[in-house]
Q: 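Mind having a look at this structure? Questions to follow.
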Amino acid sequence: IFCNLFLFICKMNSVPKRVTVRPPELGSFPLDHLAECTYAYHIFMECLRKNEYQNHLCKREGRDYLLCRMDADLMARQDLDKLGFSEKQIKEAESIVPIQRNKKEETGFVAGMGLVNARRALQKKQNDNKEE
């Protein structure tokens with residue numbers, strides 16, 4: 001028992017192993033400390049808010065934001081076609097029909113009530129059959 005306790009204490013006092021930190025695969029994405037791209041960022045975020053965060057409707061604004069970051073050397077310059085921002089990809093994304101959210105709830109839909117109503121109808125039918 002003493003030997004096991006001694007080994008446990010030694011492990012507790014040992015120096016932890018070094019953790020190697022690797023940079024992101026595509027390079028760093030530093031913060032915009034000088035606010036060089038704040039305007040493009042706010043335009044992009046406003047577009048997202050206006051379109052209920054359906055990002056396919058804000059591809060142009062997203063492209064403009066990334067271009068600003070590339071021009072300000074806040075990210076490595078990359079081909080926008082590979083990032084999904086070619087003119088063809090933007091037009092395809094804009095042609096997608098926006099997702100209609102919360103339409104059922106606006107008309108009074110309550111989740112689970114269909115089961116309750118079905119159960120009530122079944123009980124009524126069973127009661128009607130018993131009475132006959």
Side-chain angles (χ1 to χ4, degrees):
I1 294 176
F2 177 74
C3 186
N4 288 338
L5 181 62
F6 179 74
L7 290 174
F8 177 74
I9 292 172
C10 287
K11 286 181 182 178
M12 294 289 291
N13 291 330
S14 66
V15 178
K17 293 180 181 178
R18 277 201 163 184
V19 178
T20 57
V21 179
R22 290 183 289 148
E25 200 172 299
L26 294 175
S28 64
F29 200 82
L31 297 176
D32 188 7
H33 292 291
L34 301 177
E36 296 173 82
C37 296
T38 303
Y39 182 73
Y41 166 76
H42 285 295
I43 296 291
F44 176 59
M45 292 306 295
E46 184 59 34
C47 178
L48 286 176
R49 277 187 220 101
K50 184 179 80 178
N51 291 300
E52 297 179 344
Y53 296 93
Q54 297 181 44
N55 63 346
H56 64 276
L57 298 174
C58 301
K59 277 226 178 220
R60 289 187 192 284
E61 290 82 355
R63 180 195 59 196
D64 294 342
Y65 175 59
L66 290 178
L67 281 172
C68 178
R69 289 189 62 86
M70 287 179 201
D71 293 340
D73 290 328
L74 293 171
M75 67 180 283
R77 188 156 293 280
Q78 297 174 24
D79 184 18
L80 291 176
D81 293 349
K82 291 181 182 176
L83 295 176
F85 290 101
S86 70
E87 200 58 40
K88 179 182 174 189
Q89 291 167 321
I90 290 174
K91 286 180 182 176
E92 287 174 4
E94 289 173 341
S95 68
I96 296 173
V97 177
I99 299 169
Q100 299 297 321
R101 299 176 190 245
N102 302 327
K103 290 297 179 186
K104 289 181 179 180
E105 288 81 359
E106 290 173 4
T107 61
F109 173 81
V110 178
M113 287 305 293
L115 296 173
V116 172
N117 293 337
R119 188 174 294 138
R120 286 181 185 158
L122 181 63
Q123 287 174 347
K124 183 179 179 187
K125 185 177 180 181
Q126 288 173 347
N127 289 338
D128 291 343
N129 288 340
K130 285 181 184 178
E131 291 176 4
E132 290 177 356

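Along the sequence shown, the residues carry numbers beginning at 1.
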Q: Rounded to the nearest 0.5 Å, how far does CG of L74 lie from CG of L34?
A: 8.0 Å

Q: One thing to verify: whether E94 and K91 come together as a salt bridge, which I'm taking to mean a side-chain N less than 4.0 angstrom from a carboxylate O.
A: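 So K91 does not pair with E94 through a salt bridge.
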
Q: Please round to the nearest 0.5 Å and tell me the distance separating atom CG of D81 and atom NZ of K88.
A: 10.5 Å

Q: With rounding to the nearest 0.5 Å, note down the distance linking CZ in R69 to CD in E36.
A: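 With rounding to 0.5 Å, CZ (R69) is 9.5 Å from CD (E36).
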
Q: What distance do L57 atom CG and S95 atom OG have between them, rounded to the nearest 0.5 Å?
A: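 Reported to 0.5 Å precision, the distance equals 10.0 Å.
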
Q: Within the side chain of K59, is there an N or O that forms a donor-acceptor pair under 3.5 Å with the backbone of G84?
A: yes

Q: Rounded to the nearest 0.5 Å, what separates atom CD in E61 from atom CG in L66?
A: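 If I round to the nearest 0.5 Å, the distance is 12.0 Å.
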
Q: Would you compute the distance between atom CZ of R63 and atom CD of E87 and round it to the nearest 0.5 angstrom?
A: 5.5 Å

Q: Check for me, please, whether Y53 and F44 land in the same ILVMFWY cluster - side-chain distances under 4.5 Å, paths through other members count.
A: yes

Q: Can you tell me how the ring of Y41 sits relative to the ring of Y65, calling it parallel under 30°, perpendicular over 60° and tilted otherwise?
A: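 Answer is tilted, since the angle falls between 30° and 60°.
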
Q: Return the minimal non-hydrogen interatomic distance between L48 and C58, and the atom names on each side.
A: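 Residues L48 and C58, closest heavy atoms: N-SG, 3.5 Å.
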
Q: Verify the cluster assignment for L67 and F85: are they in a single hydrophobic cluster under the rule of side-chain heavy atoms below 4.5 Å apart?
A: yes

